[in-house]
S.K.: 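Let me give you the structure first, and then I'll get to my questions.
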Amino acid sequence: MKKLMAANWKMYKTWDDARATAQSLADLTASKLPDDREVLIFPPFTALKGVSDVFGPLAGFSTGGQDFYTEAEGAFTGEISPAMLLDAGAAYGLTGHSERRHVLGEDDALVGRKTAYGLVSGLKVILCVGEKIDERRAGQVEAVLRRQLDVGLKDVPRDVNPADLSVAYEPVWAIGTGEVAGPGEIVEAHACIRKILQAEFGEKGNKIRILYGGSVKPANCAEIIALDNVDGVLVGGASLLSESFSQIVLA
Ligand code: PEP
């Protein structure tokens with residue numbers, strides 16, 4: 001299973017800046033990318049085609065959409081469909097990011113519909129899950145992960161190709177705060193997610209990648225990526241500059 005080194009650029013970067021950063025990242029990493037690593041960038045929608053074109057000729061590099069709606073087309077002002085993401089060169093879609101859940105108000109059920117719809121529409125999907133700090137303090141980590149995964153995966157076809165589905169464990173309290181989860185906390189949460197994936201998908205559950213996200217930096221990536229059941233990382237702040245994200249990709 002290749003490790004997936006993913007960058008979430010959130011609402012940052014214009015077309016020119018995004019393309020320049022993607023080109024610089026490719027220059028810094030493409031010739032050295034180990035066979036067991038893949039690079040993925042989630043640019044803002046307006047730069048998706050530009051970054052996809054930069055990555056087009058490069059093996060192991062792909063792009064994705066940070067969000068999508070559950071219809072192919074229609075009167076849904078402001079929304080974008082999986083078909084449109086694919087048309088812009090994306091291979092992946094992200095669902096359930098904590099900012100979509102907790103800033104923009106998406107609930108588990110909508111996240112679940114998006115996850116299933118993205119997969120049947122031909123995207124590879126990364127479903128994000130993770131507890132808030134008060135939920136961790138209340139000893140509810142496992143219960144939160146179980147609920148988010150039960151609902152988030154409910155309508156995913158059980159014959160899904162495991163290479164098309166990933167789960168990102170992103171404790172909300174570690175996102176953009178500089179406060180990375182400790183190795184013990186990561187291993188425990190990822191083991192819990194693995195157990196749930198095995199229960200849902202049987203043997204196939206071992207082949208679904210589980211990424212860690214939350215204040216990953218060049219200085220802590222090598223340790224995190226080596227932990228049990230960590231099959232990649234999802235990086236926000238430290239992915240915005242090619243110099244720092246290239247160190248993470250090659251860590
Ligand atoms: C994220 O946005 O998914 C994320 C993990 O952000 P950061 O790396 O900045 O914590």
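Just so you know, ligand 1 is whichever comes first in the structure, and atom 1 is the first atom listed for that ligand.
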S.K.: Does some non-hydrogen atom of Lys10 fall short of 4.0 Å from ligand 1?
M.R.: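 Yes, that is the case, since the closest heavy atom of the residue is under 4.0 Å from the ligand.
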S.K.: Quick check: does Glu99 get an N/O under 3.5 Å from an N/O on ligand 1?
M.R.: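 Between Glu99 and ligand 1, no N or O pair is found under 3.5 Å apart.
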S.K.: Tell me which part of Ser239 gets within contact of ligand 1: side chain, backbone, both or neither, using heavy atoms under 4.0 Å.
M.R.: neither
S.K.: Looking at atom 5 (C) of ligand 1, what's its closest protein heavy atom, distance included?
M.R.: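 So the nearest neighbour among protein heavy atoms is Glu170 OE2, 3.1 Å.
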S.K.: As an exercise, identify every atom of ligand 1 less than 4.0 angstrom from a heavy atom of Gly176.
M.R.: 7 (P), 9 (O), 10 (O)
S.K.: Could you tell me the residue and atom name of the protein heavy atom closest to atom 1 (C) of ligand 1, and the distance to it rounded to 0.1 Å?
M.R.: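 Here the closest protein heavy atom is His97 NE2, 3.3 Å.
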S.K.: Give yes if a backbone or side-chain nitrogen or oxygen of Gly214 is under 3.5 Å from a nitrogen or oxygen of ligand 1, and no if not.
M.R.: no
S.K.: Which of the atoms in ligand 1, numbered in the order shown and given with their element, are less than 4.0 Å from a heavy-atom of Ala174?
M.R.: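 In order of number, 10 (O).
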S.K.: What part of Ile175 sits under 4.0 Å from ligand 1 if we count only heavy atoms: the side chain, the backbone, both or neither?
M.R.: both
S.K.: Considering both backbone and side-chain atoms of Ala238, is one of its nitrogen or oxygen atoms within less than 3.5 Å of a nitrogen or oxygen in ligand 1?
M.R.: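 The answer is no, given that Ala238 and ligand 1 share no N or O pair closer than 3.5 Å.
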S.K.: Does the N or O separation between Val235 and ligand 1 drop below 3.5 Å for any pair?
M.R.: no
S.K.: Tell me whether Asp35 at atom CG has more than 12 heavy atoms from other residues, nucleotides or ligands lying less than 6.0 Å away.
M.R.: no
